[in-house]
Amino acid sequence: MRYRRPKGTHDVLPSEVRSWRAVEDTFARVCARYRYQELRTPIFEDTDLFVRSVGEDTDIVSKEMYTFEDKGGRSLTLRAEGTAPTVRAFIEDNLQGQDRERLVKLYYLTPVFRQDRPQAGRFRQHHQAGVEALGSLDPGVDAEVIDLSLTFYREVGIEGVRLLINSVGCPNCMTAYVEKLKASVADRLDEMCPDCQRRYETNPLRLLDCKRERCREITSAAPSILDELCDQCAEHFAQVQAHLDALGIAYEINPRIVRGLDYYTKTAFEFTHDALGAQDSIGGGGRYDGLVEQCGGPPTPGVGVGIGLERVLLVREALGVSDEDEERAGVFVVTLGDEAWLPGYQLLHELRQAGFAAGIDYRHRSIRAQLRYADNEGYAHAVILGGDEIAKGVATVRDMTSGEQTEVPRPKLLSHLEG
RNA sequence: GUGGGCGUAGCUCAAUGGUAGAGCACCGGACUGUGGCUCCGGUGGUUGUGGGUUCGAAUCCCAUCGCCCACCCCA
């Protein structure tokens with residue numbers, strides 16, 4: 001095999017496209033219902049956009065980005081996540097207009113590139129469906145984004161989604177909390193794993209995220225961020241819960257949800273599903289009230305979610321969700337012998353011009369082979385043209401479901417098929 | 001990046017050192033101009049690749065590539 005697809009990437013085969021379409025169309029439909037508008041941004045951006053928004057010290061930026069230089073010496077990076085490019089466009093294209101209080105609601109479907117080691121549910125190119133709501137601090141918007149996500153999961157046929165929520169506070173309470181966290185861990189730091197010892201200096205919040213039993217045990221003694229939130233953040237988190245409660249949305253509060261992107265403030269949440277293996281997160285997001293300003297725009301709060309489409313597809317498969325069978329459609333032109341070929345070929349063109357899906361057998365095989373093919377390919381009708389039909393100026397129309405056949409005069413063929 | 005498992009026909013898998021097979025799919029026939037059911041027959045493999053051990057390797061050893069799973073991280 002001379003060429004292979006790059007590691008961690010996938011070809012979406014014709015047989016798989018239907019479920020992709022079903023999921024993508026459902027997402028677009030749900031977004032339209034919640035009044036989010038589609039935004040398409042480039043597949044690559046200035047490297048600096050991701051570095052400064054996601055955070056220099058995150059795994060995504062420090063080891064997973066596909067970064068390259070163009071001929072002008074600019075450093076560019078393949079889309080490593082969805083929020084930063086959306087925020088960039090929000091600012092650059094002035095999507096908010098003059099009304100700086102206006103809520104701008106955007107959605108996207110996009111490939112995302114990260115160079116991890118592939119495994120179940122993890123790819124180097126995956127696809128995310130996401131929404132971003134920019135311009136409101138209202139906790140009802142946090143809940144709306146969560147509600148939209150859950151509606152999407154339900155409408156693609158996924159039951160059993162678990163919602164985990166947390167608040168990571170604002171820069172003020174977060175800084176104060178980080179100090180307390182470090183203090184509580186400090187005297188046992190030498191017992192922790194090398195990663196955590198590094199995190200202690202570079203990104204202490206991530207200490208809470210470590211999966212090692214020893215580290216978990218040590219951090220379990222640490223204060224919860226939820227106890228350290230400032231009044232504003234605590235109130236916002238309470239209000240998010242009140243809004244979720246009002247919608248009857250079940251959730252678990254999990255103070256260990258930190259998320260791997262540095263721009264999050266206040267609300268952070270994650271959707272998981274038990275049908276998946278180790279990579280059980282099927283979506284995640286949160287609030288990022290400082291990001292727009294940090295990227296050079298006017299101070300603007302925001303909240304959003306990213307949903308992994310491959311994982312959604314995996315869950316659907318595990319749950320046995322099936323897409324509707326495609327109905328039989330189209331007309332297959334069966335020609336018998338040389339004299340019927342060109343008339344059949346003309347009919348094929350005529351059918352297509354009239355809007356029918358239509359096909360023919362370029363192998364000139366037996367009628368048996370042609371009908372078998374038409375059956376396998378899901379045609380609704382076969383039109384048989386042989387010596388008899390040509391002589392009589394008719395065509396034989398066979399209904400591929402019932403097997404009924406009728407002789408139809410050539411001039412009336414199209415109207416007969418339409419009826 | 002670290003560790004483990006697995007690579008045999010288009011697909012799912014047999015064959016444990018001695019002639020590479022089955023089911024499904026595909027093609028043809030029974031049915032000379034009629035698909036689906038049944039029966040019969042057929043096409044299809046440099047056993048991922050390279051090297052080694054052996055009289056003999058799909059099988060054992062080494063290397064390499066690929067895939068899968070876990071760690072890590074995330075969607």
Between the base of B:U34 and the side chain of A:Arg372, is there a donor-acceptor distance below 3.5 Å?
no
Winner on side-chain proximity to A:Ala120, out of B:G36, B:G33, B:C69, is B:C69
Does any donor-acceptor pair link the side chain of A:Glu81 with the base of B:C74 at a separation under 3.5 Å?
no
Taking atom CD1 of A:Ile307 and atom OH of A:Tyr107, what is their separation to the nearest 0.5 Å?
12.5 Å
So A:Leu336, base contact, sugar-phosphate only, or nothing? Heavy-atom distance under 4.0 Å.
base
Verify, without hydrogens or angle tests, whether A:Glu389 (side chain) and A:Gly386 (backbone) share a donor-acceptor contact under 3.5 angstrom.
yes
Spacing of the C1' atoms in B:A22 and B:G33 (rounded, Å):
36 Å
When the distance from CZ of A:Arg365 to P of B:G29 is rounded to whole Å, what number comes out?
11 Å
Consider the side chain of A:Lys7, meaning its heavy atoms from C-beta on, and name the nucleotide among B:C67, B:G33, B:G35 that approaches it most closely.
B:C67
Looking at A:Arg368 and B:U34, is any side-chain donor or acceptor paired with a base atom of the opposite kind under 3.5 Å?
no
The residue, A:Leu371 or A:Arg117, whose nearest nucleotide of RNA chain B is more 5′ is A:Arg117
NA contact type, A:Ala374, heavy-atom cut-off 4.0 Å: base, sugar-phosphate, or nothing?
nothing
Quick one: A:Glu270 CD to B:C74 P, roughly how many Å, whole number?
9 Å
Side-chain-base donor-acceptor pair under 3.5 Å for A:Arg5 and B:C67
no
Determine the contact category for A:Arg328: base if any of its heavy atoms lies under 4.0 Å from a base atom, sugar-phosphate if only primed atoms, P, OP1 or OP2 are that close, otherwise nothing.
base
Is the charged tip of A:Arg79 near the ring of A:Tyr108: under 6.0 Å from the six-membered ring centre and within 45° of its axis?
yes
Within the modelled atom types, does a donor on one side and an acceptor on the other bring the side chain of A:Glu389 and the base of B:G33 under 3.5 Å apart?
yes
Donor/acceptor link under 3.5 angstrom from A:Gln405 side chain onto base of B:U34:
yes
So CZ of A:Arg18 and CG of A:Asp323: to nearest 0.5 Å the spacing works out to 7.0 Å
note: A:Leu314, atom CG; B:A75, atom P; distance rounded to Å ~ 16 Å
From B:G1, B:G33, B:G35, nucleotide with atom closest to A:Arg122 side chain:
B:G1
Assign A:Phe123 to base, sugar-phosphate, or nothing according to its heavy-atom contacts below 4.0 angstrom with the strands shown.
base
Start at the 5' end of RNA chain B and walk down; is the nucleotide closest to A:Gly283 or to A:Pro6 reached first?
A:Pro6
Report the distance from atom CG of A:Leu371 to atom OH of A:Tyr379, rounding to the nearest 0.5 Å.
12.5 Å
Using the side-chain heavy atoms of A:Arg398, tell me which of these nucleotides is nearest: B:A75, B:G36, B:G33.
B:G36
